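Read through the structure below, which is laid out as structure tokens, and then see the notes.
The shown structure was predicted, so the numbers you read here are calculated from the model rather than taken from an experiment. One-based numbering, in listed order, for ligands and for the atoms of each.
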Amino acid sequence: KKQTVMEANDPWKFEGDTKHAIPDTSEATFGAIKDLNERVSPLLKDLTEKSDYMRFYRLNLFNKECKYKMDDNVFCGSNACNVVITDENNVPDIWSSRALGKLEGFMPELSRQIVESDQSVMENVEKISQSCLLERLDDQDRQYCYVDNELDSGCVYVSLLDNPERFTGYAAPHATRIWEMIYNECLPDTSEPTIDFPSLFMQGSLAPPSNSQENMLNERMDMWTNEQRVFYRVLSGMHSSISTHLCYNYLNQSTGVWGPNLNCFMEKVLSHPERLENLYFAYSLLLRAMDKLNGHLDTLTFCHDSALQDTEVRHKVRDLVDTVDQYPRYFDESVLFNGDPELSSAMKKEFREHFRTVSALMDCVGCERCRLWGKIQTNGFGTALKILFEVPDVENEIDQFESTSFPLQLRRSEIVALVNTLDRLSRSINYIQKFHELYIEQHQPESMFRKVLNSMKRFVYQYVPEVFHPYLKKTYNVARIFYHDFWMELEVVLEGFRYVLSSYLKLPSMINFYFFSSESPLLNYMSESIRQRIPSGWLP
Ligand SMILES: Cc1cc2nc3c(=O)[nH]c(=O)nc-3n(C[C@H](O)[C@H](O)[C@H](O)COP(=O)(O)OP(=O)(O)OC[C@H]3O[C@@H](n4cnc5c(N)ncnc54)[C@H](O)[C@@H]3O)c2cc1C
């Protein structure tokens, strides 16, 4: 059995580890990925939060039917499940349906020619909008994801900043059933029953696999092909990231307070080492896809209704790609689909079809907010897989993809999904660090003062009826903030007081110096002035 760093006793030991490679990566360690993320994360934050291009996503969120049979009733009645739609007047004109409506019969090659032949095109919104929408790409055979066509009238614009990924309350049995269906796609139809992951996943009635089952999964995964393992790890990594987000942005339903829930994270992710590994694996895979954009960036259009913003987004993406490029490649796509060409091509086709089914399953997710982020992230991973397996590596002289590869073309929604998915996973890694800090804080030995405070808290909670507990919790939180601010303010006041007091204490010696000492500048000045006015020889 493979020894991994995760098996050590301390559940957080993995974080700085630079010795043990994460399975199926190219020598990526938790520590190396954490270092890289520290550089990449601020760039992603800037790109996703400060540019309209990356912020607005157009998708068919409400009008696509679920193609699969779902027996369970959906239940996601909370407000947290809702998605706030962006009014079209608030998105740049270039992307409005008015502009999109003019694009009937549009051919991407034609628009490319227009842009290339006429530099002044940047001032012309109509022409640019044509270059912005590469919807009719001739790439259906190479797609790993069903992407909503932005020209569909059922599509809406959503600002991703207005709809953060967070806890919604969407849960079993419906949500768990979707995960089961997603994981069922991990196996090719011809798989032998001995490596039948679905039956392992769902042993018992929707029961989570016990630890022994997880060990069994690890053993069985060793029998899978590289491609099957990568497929599974991408999905499991995405699942871990979704769990990390919902546990970090968690709603405590009894108090109504949003905040990180350490137990939730420990239960869903940290206590399952393999899920954590898969999160870092999936991040490595996305980073490699981003890195592979190097050399292809000039073929992409970051269209905007101002040439300035187009250039700004392009520069920021280039900065991101260059930064990733400075680090080693932690995922090596060349070890996949590299056997007998005919067999590899058939395997790749199967891989694509299974991933497309996963993306179609997102239309069955029974909570709007979860569906939104599920669709973005499957599109993001689908785009990464397309870049990895269908696009030539321009930095590699002996290009093994040469004969089958095609020049990179990406739709706006694919670029937005890729960058935002990378950002999701990057944030998950930051959240893990924050969860660790929280863990340390909670497990530090209690000070005397805190002990007294905690026993007072327990005493109050014991005697106050339960119905008032949410108000108590809120009052406690406000009091804590007030207490914190009070001490900060007091510190400033004390600093001032110390300064004034020390000045007063210096006063007697100052008076002595200025009025009575032989070096007093004042007395010496006065005596010198008097001396000059007295006729010489008059004094003895
Ligand atoms: C596409 C999608 C998006 C979602 N988005 C959100 C959201 O934004 N906010 C929200 O609150 N809820 C969301 N949910 C629901 C959420 O993911 C969980 O299903 C829900 O919180 C119930 O969690 P659970 O602990 O019962 O197990 P689930 O997370 O439902 O997992 C089901 C089973 O999968 C296995 N499993 C769990 N994690 C992994 C992993 N990383 N790798 C491999 N196997 C695993 C375990 O056996 C587990 O019992 C989403 C669900 C789906 C399908």
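Checked by distance only, ligand 1 and Lys268 come closer than 3.5 Å through their nitrogen or oxygen atoms. Between Arg369 and ligand 1, no N or O atom pair is found at a separation short of 3.5 Å. Checking only distances, Tyr232 never comes within under 3.5 Å of ligand 1, N or O to N or O. Backbone and side-chain nitrogen or oxygen atoms of Thr176 are examined, and one is located within less than 3.5 angstrom of a nitrogen or oxygen of ligand 1.
Ligand 1 places these atoms under 4.0 Å from at least one heavy atom of Ile242: 3 (C), 4 (C), 5 (N), 6 (C). With ligand atoms numbered from 1 in the order given, ligand 1 contributes 15 (C), 19 (O), 53 (C) to contacts under 4.0 Å with heavy atoms of Ala175. Close approach of ligand 1 to Met362 (heavy-atom distance below 4.0 Å) involves ligand atoms 1 (C). Counting atoms of ligand 1 from 1 in the listed order, those under 4.0 Å from a heavy atom of Tyr183 are 39 (C), 40 (C), 42 (N), 43 (C), 44 (N), 45 (C). Per-residue contacts place Arg166 under 4.0 angstrom from the following atoms of ligand 1 (heavy atoms of the residue considered): 7 (C), 8 (O), 9 (N), 10 (C), 11 (O). Against a heavy-atom cut-off of under 4.0 Å, Gly169 is close to the following atoms of ligand 1: 11 (O). Counting atoms of ligand 1 from 1 in the listed order, those under 4.0 Å from a heavy atom of Thr168 are 9 (N), 10 (C), 11 (O), 12 (N). Interface of Phe167 with ligand 1, defined as ligand atoms under 4.0 Å from a residue heavy atom, comprises 11 (O).
If you check the gamma sulfurs of Cys66 and Cys364, they are less than 2.5 Å from each other.
The pair Lys316-Asp319 does not meet the salt-bridge criterion, since no charged nitrogen lies less than 4.0 angstrom from a carboxylate oxygen.
Residues Phe337 and Phe351 bring their aromatic ring centres within 6.0 Å.
Counting non-hydrogen atoms of neighbouring residues, nucleotides and ligands closer than 6.0 angstrom, the CD atom of Glu466 reaches no more than 12 such neighbours.
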**Item:** Verdict with supporting geometry, Ser428 and Tyr283, side chain to side chain contact (heavy atoms under 4.5 Å, CB included)
**Value:** CA-CA 10 Å; Ser428 287; Tyr283 188 49; over 6 Å; no
(Q) Evaluate Asn37 against Ser426 for side-chain hydrogen bond (donor to acceptor under 3.5 Å, both in side chains), listing each step before the verdict. (A) CA-CA 6 Å; Asn37 190 44; Ser426 163; 2.7 Å; yes
* To do: Evaluate disulfide (SG to SG under 2.5 Å) for Cys367 paired with Cys81, printing each intermediate quantity in order.
  => CA-CA 5 Å; Cys367 134; Cys81 287; 3.8 Å; no
Please report the C-alpha distance between Phe231 and Phe355 in whole Å, then the side-chain angles of each, then the deciding distance to 0.1 Å, and finally whether the ring-ring contact (aromatic ring centres under 6.0 Å, His included) criterion is met.
CA-CA 8 Å; Phe231 193 101; Phe355 207 86; 5.7 Å; yes
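Residue contacts with ligand 1 do not include Cys367, since none of its heavy atoms lies under 4.0 Å from the ligand.
Of the candidates Tyr250, Trp179, Trp373, the one placing a heavy atom closest to atom 53 (C) of ligand 1 is Trp179. In this comparison of Arg275, Glu277, His239, the heavy atom closest to atom 46 (C) of ligand 1 sits on Arg275. Between the choices Cys264, Ser240, Cys370, the shortest heavy-atom distance to atom 41 (N) of ligand 1 belongs to Ser240.
Between Val416 and Tyr53 the shortest heavy-atom distance is CG2-O, 3.3 Å.
For the pair Lys375 and Tyr57, the NZ or CZ position fails the cation-pi test of under 6.0 Å to the six-membered ring centre and within 45 degrees of the ring normal.
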